[in-house]
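Worksheet: one structure, shown below.
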Amino acid sequence: MHALSRLPPDVRQYLLVTGNYWAFTLTDGALRMLVVLHFHSLGYTPLQIAALFLFYEIFGVVTNLLGGYLGARLGLNRTMNIGLGLQVGALLMLTVPAAWLTIPWVMGAQALSGIAKDLNKMSAKSSIKLLVPDGEQGRLYQWVAILTGSKNALKGVGFFMGGALLAMLGFSGAVLAMAAVLALIWLASLRLLQKDLGKASGKPKFRDILSKSRAINILSAARLFLFGARDVWFVVALPVYLSAVFGWDFWQVGGFLATWVIGYGVVQSFAPSITGKARGELPDGRAAFVWALLLAGLPAAIALGLGSPLPAEWVLIGGLLLFGALFAVNSSLHSYLIVSYAKADGVSLDVGFYYMSNALGRLLGTLLSGWVYQAYGLEACLWISSAFVLLAALISIGLPRHGVTDPR
């Protein structure tokens, strides 16, 4: 605590925001794995398990839209702490006796967790805009990339943690232990996080939740299709395919996907170097278009490979690794652009609107993933994924372009 107090205020707040985000992400990833493993052991099918997360995604759309407004009215410290508190509540909901863990109850807990997650994410991403001076765009890109990449890496670690806690403590014990630790972090955050961080100078009106910025509207539309492209095959279709076609057991599927998410997060953290920050270049709309275009043909190529004489496992695993690397750069680049485009005064309004589109894309992808895979198979999901990325690329053509270089 003494060492923390000696750091510059902006660095200290960045570390607090990042620490909160990390702690939340660990519990979020672990909870997802706990629910999947526990209900899988009870005999639920993959599609039934996916349905348990439906409210999680639906409430993410609503929360991002309204959360930005609340952040501007109340301050980002409050919305972040509300998110932490709600996650503690969601975890405690799952500590009830096993007979109470009905599908509606678990979906309700997941809805609360979805609200908590998006309040926390919106607050963390918005805070970065306020902690970096306007003239230091390179530093902003770096901080956003680290925050985003570390979050996804820790989400993968959370998958492993959920399985380990389930094995050691059982379902109720694991959830209770996470609730206790997160409650301590929440109490520390209430005391240490800067008061009124991100609170707008005036009181925003409710109609302000809809962005009036052309650049943010275009970026939000591109984000919707980008994340729909990932989840249309990743959420339900891929795990079911690995299990049903390759014969992988649940631990193999979960372990591989967790490792993929960790690697995805690591690449996100290095995205500034990959996209040219070392040469003093900062990404703009053209970069968003180019990187999306590089990704667009890959899912279709995987689909063609699965229909060829090539070994299906090598095609799918190799394609998934390449997809993860390219998608990570796209995601990190988008995360920087939204924070860069957002107005400093009431930043959460713009960021919340953007992540509403992100959540809507995840919801669309999740629904299509189950339906299209069940009706037409994995290859159809992959073709839709390519079409979605291509749409994201075409939409990105309308984003602003500039010749700005990092002054440092």
Side-chain angles (χ1 to χ4, degrees), residues 29 32-54 56-57 152 155-156 158-160 162-163 166-167 226-264 267 295-328 361-390:
R32 179 169 287 257
M33 187 56 64
L34 279 167
V35 170
V36 169
L37 284 171
H38 180 66
F39 285 91
H40 179 269
S41 70
L42 296 178
Y44 284 63
T45 68
L47 290 178
Q48 288 174 319
I49 293 171
L52 294 174
F53 296 100
L54 187 60
Y56 179 94
E57 301 294 355
N152 283 304
K155 188 173 184 178
F159 289 167
F160 286 118
L166 185 63
L226 184 67
F227 271 74
R230 183 195 67 179
D231 287 1
V232 72
W233 68 293
F234 191 81
V235 172
V236 176
L238 179 64
V240 174
Y241 186 90
L242 293 174
S243 176
V245 178
F246 294 165
W248 290 12
D249 62 33
F250 190 81
W251 288 103
Q252 287 176 300
V253 174
F256 174 73
L257 295 182
T259 304
W260 186 89
V261 172
I262 292 171
Y264 166 76
V267 174
L295 179 65
L298 184 56
I302 298 171
L304 291 172
L306 290 175
S308 73
L310 296 171
E313 282 193 71
W314 287 104
V315 169
L316 188 57
I317 293 172
L320 183 62
L321 293 176
L322 185 56
F323 180 91
L326 289 174
F327 190 90
R362 290 200 319 264
L363 174 61
L364 177 63
T366 299
L367 294 174
L368 285 175
S369 188
W371 172 66
V372 173
Y373 178 76
Q374 187 165 306
Y376 304 105
L378 181 63
E379 289 87 347
C381 294
L382 289 163
W383 281 106
I384 292 173
S385 177
S386 265
F388 275 15
V389 180
L390 182 59

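Along the sequence shown, the residues carry numbers beginning at 1.
Side chains of Leu238 and Leu320 form a contact here, defined as non-hydrogen atoms less than 4.5 Å apart. In this structure the side chain of Leu257 never reaches within 4.5 angstrom of the side chain of Val261, judged on heavy atoms. Between Phe327 and Val267 there is no side-chain heavy-atom pair separated by less than 4.5 Å. Side-chain contact between Asp231 and Leu363: absent, with no pair of heavy atoms (C-beta onward) separated by less than 4.5 Å.
Qualifying side-chain contact (heavy atoms from CB on, under 4.5 Å) partners for Tyr376, counting only residues two or more places apart in sequence or in other chains: Trp371, Val372, Ala380. A search for side-chain hydrogen bond (donor to acceptor under 3.5 Å, both in side chains) contacts involving Arg362 returns Glu57, not counting sequence neighbours. Under the ring-ring contact (aromatic ring centres under 6.0 Å, His included) criterion, Tyr56 pairs with no residue, sequence neighbours left out. With sequence neighbours left out, Ala387 forms a side-chain contact (heavy atoms from CB on, under 4.5 Å) with no residue at all. Considering only residues two or more places apart in sequence or on other chains, Tyr373 meets the ring-ring contact (aromatic ring centres under 6.0 Å, His included) condition with none of them.
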Per-pair distances, 0.1 Å, donor-acceptor, side chain in residues 295-310, under 3.5 Å, sequence neighbours excluded:
| unit_1 | atom_1 | unit_2 | atom_2 | d |
| --- | --- | --- | --- | --- |
| Ser308 | OG | Gly305 | O | 2.6 |
| Ser308 | OG | Leu310 | N | 3.3 |

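Using modelled atom types, no side-chain atom of Ser385 and backbone atom of Cys381 make a donor-acceptor pair closer than 3.5 Å. A side-chain donor-acceptor contact under 3.5 Å links Ser369 to the backbone of Ala237.
Taking each heavy atom of Tyr264 and Gly324 in turn, the nearest pair found is CD1-O, 3.5 Å.
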Quiz prompt | ring pair (Phe, Tyr, Trp, His ring centres under 6.0 Å) evaluation trace for Phe234 with Trp260 | solution = CA-CA 11 Å; Phe234 191 81; Trp260 186 89; 4.5 Å; yes
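Between Leu378 atom CG and Leu242 atom CG the span is 8.5 Å, to the nearest 0.5 Å. Here the OG1 atom belonging to Thr259 is positioned 10.0 Å from the CG atom belonging to Leu321, to the nearest 0.5 angstrom.
A side-chain contact (heavy atoms from CB on, under 4.5 Å) with Trp233 is found for exactly one of Phe323, Tyr241, Trp383, namely Phe323.
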